[in-house]
Enquirer: 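Attaching a single structure in structure tokens format; questions to follow.
Below, each value reflects all heavy atoms present in this structure, side chains not excepted, and no hydrogens, waters or symmetry copies.
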Amino acid sequence: MADQSIKHQQERDYVFLMRGLKELDLCGPYISSDLVLTGDHAFPLAMNNQGQVPMAASLYGRGRIVVLGHEGYLTAFPALVENALTWLRGDGSDNVSVGVQKNASAVADNLSKSTFQVEIVEAFSNNLGVAVYVTDAYSVGEDQKDLVAFLKAGGGLLIAGQAWSWAEVHPKENTLLQFQGNKVCGVAGIYLSERQCGVECLPVYPQIPSSWMAVVLGKNFEDDLEFLLEGISEFDLQGGAIASEILVHGPLAFPIGTTNDGQVFLAGAYYGQGRVIVISHEGFLGQEKLAPFWNNAVHWLDEGREGVVGVVPDFAFKILQMSGLQCEKTNFREDLSVFVCTAYSDEYVAEIQHFVAEGGGLLIGGHAWWWAHTHQGQNPLTDFSGNKILNKMGLSLLGATIGGGIYKAPDTSQALKESYHFRQLLRCFAGHVTEGNELTEKEEESLKRLGKDCSTFLKMQAHDCSSYRQVVSSLTDIIMRSGMPQVSESCPVTSPRDHLLLNVGTEVFKVCPDPDALLPYIIKDNPLLPVVYNQRIRINVNTKGELEWISTGLYLSAGMKTFIAIPAEIINNGWKIQIGCQTDFLKANELKRAPCVHDNFPITSEMMQVWNLWGGLIYLVAPPNTQVKGVEVIVQVAVPAPYYKSGVTTAAEWSLLRTAPAPWAELEFENIILTVPSEFVQGLDRPDELAAHWDTIMRSIADLAVIPHKFPRKERFVTDVQISAGWMHAGYPVMAHKVSAAELVSVEHAKSQGLWGPIHELGHNQQRSCWEFPTHTTECTCNLWSVYVHEEVLGIKRAEAHPAMTLAERNKRAQDYAKGGRNLSNWDMWVALETYMQLQERFGWDAFKKVFAAYHQMSNFPSENKGKMNLYAETFSQTVGMNLCAFFKSWGWPIEASTEDKLSKLPPWTDHPMAQYG
């Protein structure tokens with residue numbers, strides 16, 4: 001997470017720079033350039049009603065810089081200039097010497113009565129010994145490198161001027177890079193643009209000014225795209241490499257290559273005086289079919305210097321040599337013109353950023369999706385090494401993936417009009433909400449994606465970056481003006497606009513400066529519920545290879561905050577606090593709740609403050625392979641929930657607890673925990689009987705799987721108003737729709753109607769890849785547990801347990817499969833289940849138990865289906881003492897001659913059920 005102390009320092013710096021000023025009258029004769037701000041350290045000092053910035057400040061290295069959008073401001077605002085000089089001098093410095101370039105000498109007259117010692121000079125020199133240097137933006141000339149070095153080493157720089165008149169005279173030049181003043185101030189993330197700033201009399205705000213109108217692109221990138229895409233008609237990304245999606249979020253960042261649905265895999269940006277290109281899989285750097293583009297890219301990054309291209313990945317060296325530039329295999333060096341590397345090292349983060357800021361080119365390749373997959377609980381936006389380099393440059397590699405394919409290169413003249421750009425669409429949407437501006441059809445269609453990207457961007461938590469704070473401010477304003485859709489089961493959300501708001505609201509609430517003020521705009525109906533104080537939760541856990549949720553029986557209302565006192569044993573040891581039981585992320589077109597309604601907090605201190613916009617049950621999440629006994633956490637304040645725990649909660653306690661005010665209830669038994677809306681347990685008189693019912697079911701599941709009756713981790717069920725896939729889906733927890741809650745908490749329902757769906761999902765959790773043959777058996781072998789539990793525990797015969805299990809249906813499937821040629825491509829789900837049912841009906845459940853037990857003793861399994869199917873045929877045959885090869889072949893299994901040889905001494909099963917079909 002970014003350090004918010006930098007943000008607070010910027011606010012303090014702003015207050016210092018603007019002290020004593022009530023307004024800035026910009027209605028005079030001077031027309032400022034609109035300043036473009038990038039990076040983490042630049043922040044506006046003034047902003048007009050169009051979101052344009054005429055003045056800004058920033059840091060670079062150890063130095064400070066103030067940029068005024070017109071040289072006339074040096075004399076028009078003497079108090080501001082004096083404040084700026086004091087700030088630029090640096091904290092604690094007693095050096096009061098100021099060097100003033102002669103073309104800005106008028107500023108010296110206003111300083112005659114100040115404490116500064118002013119010297120007017122022809123040009124900057126390292127020998128001046130000044131703390132601050134003042135110049136107009138037109139006179140940096142040959143001094144630019146020395147001025148950057150002076151700034152980087154701790155000097156203060158006040159620079160003033162406008163670039164719009166220069167741009168009018170140089171229409172084909174790149175103002176951001178070629179205008180003289182930008183060669184210095186651009187390094188610190190402040191650019192004088194060719195746009196004129198509207199003249200107004202501006203009030204001086206108590207905080208750094210912000211506006212949704214400031215969320216703009218800083219440049220038209222048509223000329224850059226024309227150069228980069230010269231001779232390029234398509235990007236061939238075929239070959240099996242899985243790339244990451246790139247989020248293009250900076251004011252000087254732009255997409256270059258996108259998929260047909262707009263996902264970005266190739267992007268560029270300006271950063272300081274330099275340039276960067278990122279490709280979201282490093283393997284593409286070495287692909288010959290992309291060589292023409294890499295030739296263009298390296299020349300664009302080199303900017304005509306014809307310097308040395310330093311290349312880290314060996315596989316890219318040959319392709320990059322084809323550019324005609326001098327390439328060397330080397331790690332990072334400051335004397336390079338272009339540096340080419342992968343995104344997997346953070347060894348030179350600051351050095352590379354300074355290298356690019358001061359004019360170098362960076363070509364970087366890599367993906368973040370695998371890192372995200374292997375670093376659960378960490379934030380790829382902030383923690384992935386490549387993003388530590390790229391975020392400041394307005395580009396980020398995401399955990400989302402992009403598949404291979406051939407993607408058409410954009411039409412350069414239409415690229416920025418037709419392509420999706422995060423900042424551009426956000427500005428349009430803000431204008432739509434705040435001023436009623438109409439959205440185009442294409443913009444409407446892109447709103448759902450904008451919501452996803454905004455949510456992702458906010459996770460960067462770059463509170464020290466002015467550009468980030470502008471977006472946060474804009475989104476906060478949007479929510480407060482438009483209000484959040486009050487989504488529910490009876491009031492579902494379908495429109496792209498409402499999708500966007502639901503996606504964004506959760507993340508804005510986490511990062512906005514005053515979430516309590518925002519809460520009523522997001523959740524209109526948020527009743528105060530009775531609370532309890534200082535609840536002690538005793539922890540006894542011994543986790544195996546998987547994490548485990550520990551129920552507390554406590555709930556937080558929407559937006560409610562609490563403190564939790566944490567014992568030393570679990571601090572910084574991988575533990576988390578989780579608020580909310582609904583961990584499914586929804587991607588449906590119709591939403592009955594927000595897409596994400598839970599939150600996690602890594603336990604890092606002895607006192608943790610936690611909350612969740614949507615509220616939720618409080619859990620402690622224990623990491624894998626952890627043993628803790630008898631320690632306590634103390635929850636300061638929370639809402640009590642209906643919570644029953646076998647062997648702990650007495651009947652008297654339950655009679656009070658079952659009407660506890662929290663909207664979610666939990667029933668924790670020997671091997672399973674049921675989480676349901678509270679309304680489903682308020683009439684539950686005998687939770688002990690329900691516990692005994694589920695204890696029997698779970699032990700029978702263990703019996704068939706041949707595992708100990710005490711599960712290494714209790715299974716969980718959560719019933720929700722909407723889930724991410726299907727009617728139910730397996731996992732931890734098993735997710736089911738709300739209507740399933742009634743059957744989960746009713747012994748009578750289970751014994752009369754059955755529990756096929758819930759047991760099916762628990763069966764999924766028992767499947768093992770060594771005897772699974774995906775995709776054939778994915779939805780098949782889990783049903784072995786459904787059949788077993790219904791017959792052995794619930795007393796419901798298989799033919800009555802599910803409509804697909806009647807004898808007529810079963811026989812028809814087997815006959816049709818045989819007549820259809822016994823094609824394995826049709827052997828799945830119910831058809832495949834018949835294979836196992838025929839085995840069960842001949843050899844009994846004990847045979848399956850012995851087979852599963854045999855697999856527990858094995859290792860080094862085949863990885864592909866053919867090998868696994870032969871192993872299963874062999875294992876089952878050996879277990880039952882009969883050669884089953886003919887039976888499995890009758891089902892189309894690819895039984896090998898070697899398997900038949902191994903089993904040839906066993907008596908064959910000749911009268912198996914499939915023999916009747918010839």
Side-chain angles (χ1 to χ4, degrees), residues 174 177 223-244 246 254 256-257 265-271 273-345 347-349 351-367 385-386 389-390 393 395 397 404 406-407 409 412:
N174 186 330
L177 297 188
D223 53 340
D224 301 289
L225 288 169
E226 281 181 358
F227 187 101
L228 288 164
L229 298 174
E230 174 69 32
I232 310 299
S233 60
E234 64 184 25
F235 295 100
D236 187 345
L237 305 190
Q238 298 177 108
I242 300 174
S244 275
I246 300 171
F254 58 99
I256 301 169
F265 55 82
L266 178 63
Y270 285 76
Y271 181 70
Q273 276 292 289
R275 299 170 171 181
V276 59
I277 287 179
V278 57
I279 180 77
S280 58
H281 193 292
E282 72 282 4
F284 298 133
L285 291 170
Q287 291 201 0
E288 200 161 328
K289 54 196 173 185
L290 295 175
F293 175 78
W294 298 130
N295 176 60
N296 294 350
V298 173
H299 281 278
W300 183 77
L301 294 166
D302 176 66
E303 295 185 59
R305 292 183 293 265
E306 297 191 354
V308 176
V309 178
V311 183
V312 170
D314 284 348
F315 55 80
F317 189 76
K318 178 183 174 184
I319 297 299
L320 295 173
Q321 269 191 318
M322 296 164 66
S323 68
L325 295 173
Q326 181 184 343
C327 294
E328 291 183 15
K329 293 181 182 180
T330 176
N331 214 323
F332 176 75
R333 302 199 318 256
E334 289 185 356
D335 64 335
L336 298 172
S337 174
V338 179
F339 181 52
V340 184
C341 64
T342 64
Y344 308 122
S345 170
E347 186 179 358
Y348 295 103
V349 172
E351 292 88 343
I352 290 172
Q353 287 168 342
H354 285 144
F355 166 75
V356 178
E358 293 173 24
L362 174 66
L363 175 56
I364 184 168
H367 57 79
S385 55
I389 297 171
L390 290 167
M393 301 175 181
L395 300 164
L397 291 161
I406 297 177
Y407 301 112
T412 56

Enquirer: How long is the gap from CG on Asn296 to CG on Leu228, to the nearest 0.5 Å?
Expert: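 Answer rounded to 0.5 Å: 6.5 Å.
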
Enquirer: Under 4.5 Å between any side-chain heavy atoms of Leu362 and Cys341, yes or no?
Expert: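 Touching, per the 4.5 Å side-chain cut-off.
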
Enquirer: Are more than 12 heavy atoms, taken from residues, nucleotides or ligands other than Glu230, located less than 6.0 Å from that residue's CD atom?
Expert: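 It does not: Glu230 CD has 12 such atoms or fewer within range.
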
Enquirer: Listed by chain and number, what are the side-chain hydrogen bond (donor to acceptor under 3.5 Å, both in side chains) partners of Asp223, not counting sequence neighbours?
Expert: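 With neighbours one apart ignored, the set is Lys219.
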
Enquirer: Sequence neighbours left out, what passes side-chain hydrogen bond (donor to acceptor under 3.5 Å, both in side chains) with Glu234? Give chain and number order.
Expert: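 Result, side-chain hydrogen bond (donor to acceptor under 3.5 Å, both in side chains) vs Glu234: none returned.
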
Enquirer: Heavy atoms only: give me the nearest Asp236-Leu290 pair and the separation to one decimal.
Expert: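 Minimum heavy-atom separation between Asp236 and Leu290: N-CD2, 3.9 Å.
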
Enquirer: So, using ring pair (Phe, Tyr, Trp, His ring centres under 6.0 Å) as the criterion, who are the partners of Phe332 when residues are at least two apart?
Expert: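 With neighbours one apart ignored, the set is Phe339, Tyr348, Phe355.
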
Enquirer: Does Val276 form a side chain to side chain contact (heavy atoms under 4.5 Å, CB included) with Ile389? I'd like the steps, not just the answer.
Expert: CA-CA 11 Å; Val276 59; Ile389 297 171; over 6 Å; no

Enquirer: Look up atom OG1 in Thr342 and atom NE2 in His367, then write down how far apart they are to the nearest 0.5 Å.
Expert: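 Going from the OG1 atom of Thr342 to the NE2 atom of His367 covers 10.0 Å.
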
Enquirer: Listed by chain and number, what are the side chain to side chain contact (heavy atoms under 4.5 Å, CB included) partners of Ala357, not counting sequence neighbours?
Expert: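 Scan of Ala357 (side chain to side chain contact (heavy atoms under 4.5 Å, CB included), adjacent residues dropped) gives Tyr60, Val187, Tyr271.
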
Enquirer: Please report the closest heavy-atom contact between Ala243 and Phe284, naming both atoms and the distance.
Expert: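 What the structure gives for the nearest pair is CB-CE1, 4.1 Å.
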
Enquirer: Do the side chains of Met322 and Asn295 get nearer than 4.5 Å, heavy atoms only?
Expert: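 Side-chain contact under 4.5 Å: no.
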
Enquirer: Applying ring pair (Phe, Tyr, Trp, His ring centres under 6.0 Å), can you list everything that pairs with Phe293, at least two apart in sequence or on another chain?
Expert: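 Once residues adjacent in sequence are excluded, the partners of Phe293 under the ring pair (Phe, Tyr, Trp, His ring centres under 6.0 Å) criterion are Phe235.
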
Enquirer: Show your reasoning for whether side chain to side chain contact (heavy atoms under 4.5 Å, CB included) applies to Tyr407 and Leu266.
Expert: CA-CA 11 Å; Tyr407 301 112; Leu266 178 63; over 6 Å; no

Enquirer: Quick one: side chain to side chain contact (heavy atoms under 4.5 Å, CB included) partners of Phe227, sequence neighbours excluded?
Expert: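 Counting only residues at least two positions away or on another chain, Phe227 forms a side chain to side chain contact (heavy atoms under 4.5 Å, CB included) with His299, Trp300.
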
Enquirer: Could I get the full list of salt bridge (Lys or Arg N to Asp or Glu O under 4.0 Å) partners for Asp335, not counting sequence neighbours?
Expert: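 Arg333.
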
Enquirer: Taking only residues two or more places apart in sequence, or in another chain, which ones meet Ala267 in a side chain to side chain contact (heavy atoms under 4.5 Å, CB included)?
Expert: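 Listed in chain order: Ile246, Val248, Val264, Val278, Leu395.
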
Enquirer: Hey, could you give me the NE2/CG distance between His281 and Leu397, rounded to the nearest 0.5 Å?
Expert: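 Between atom NE2 of His281 and atom CG of Leu397 there are 11.5 Å.
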
Enquirer: Per the salt bridge (Lys or Arg N to Asp or Glu O under 4.0 Å) rule, what does the pair list look like for residues 304-323, sequence neighbours excluded?
Expert: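 As it turns out, the salt bridge (Lys or Arg N to Asp or Glu O under 4.0 Å) pairs with a partner in residues 304-323, which skip direct neighbours, are Glu303-Arg305.
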
Enquirer: Got a donor-acceptor contact below 3.5 angstrom from the Trp294 side chain to the Ser323 backbone?
Expert: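 Judged by distance alone, no pair lies under 3.5 Å.
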
Enquirer: Return the set of residues passing side chain to side chain contact (heavy atoms under 4.5 Å, CB included) with Phe315 (not counting sequence neighbours), or none when no residue passes.
Expert: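 For Phe315, the residues satisfying side chain to side chain contact (heavy atoms under 4.5 Å, CB included) (neighbours in sequence not counted) are Glu282, Leu285, Pro313.
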
Enquirer: Could you measure the distance from the CD atom of Gln353 to the CG atom of Leu390? Nearest 0.5 Å is fine.
Expert: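 Rounded to the nearest 0.5 Å, the CD-CG separation comes out at 9.0 Å.
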
Enquirer: Identify the heavy atoms of Glu288 and Ile319 that sit nearest to each other, and give their distance.
Expert: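 Minimum heavy-atom contact is CA-CD1, 3.5 Å.
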
Enquirer: Take Ile256 and Leu225 through the side chain to side chain contact (heavy atoms under 4.5 Å, CB included) test and state the conclusion after the steps.
Expert: CA-CA 7 Å; Ile256 301 169; Leu225 288 169; 4.2 Å; yes

Enquirer: Go through the steps to decide whether Thr330 and Leu336 satisfy the test side chain to side chain contact (heavy atoms under 4.5 Å, CB included), and finish with yes or no.
Expert: CA-CA 10 Å; Thr330 176; Leu336 298 172; 4.2 Å; yes

Enquirer: Can you name the residues that form a salt bridge (Lys or Arg N to Asp or Glu O under 4.0 Å) with Asp302, not counting sequence neighbours?
Expert: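 Asp302 satisfies salt bridge (Lys or Arg N to Asp or Glu O under 4.0 Å) with no other residue.
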
Enquirer: To check you understand the geometry: which heavy-atom pair defines the closest contact between Ser244 and Ser280, and what is its length?
Expert: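 Answer, listing the atom of Ser244 first, then Ser280: O-OG, 2.6 Å.
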
Enquirer: Do the side chain of Ser385 and the main chain of Ala343 share a donor and acceptor less than 3.5 angstrom apart?
Expert: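 Side chain of Ser385 to backbone of Ala343: a pair is present.
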
Enquirer: Quick check for you: to the nearest 0.5 Å, what is the distance between Ile279 atom CD1 and Leu237 atom CG?
Expert: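 It is 6.0 Å, given to the nearest 0.5 Å.
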
Enquirer: Between atom NE2 of His354 and atom CD of Glu334, what is the distance when rounded to the nearest 0.5 Å?
Expert: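 Between atom NE2 of His354 and atom CD of Glu334 there are 10.0 Å.
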
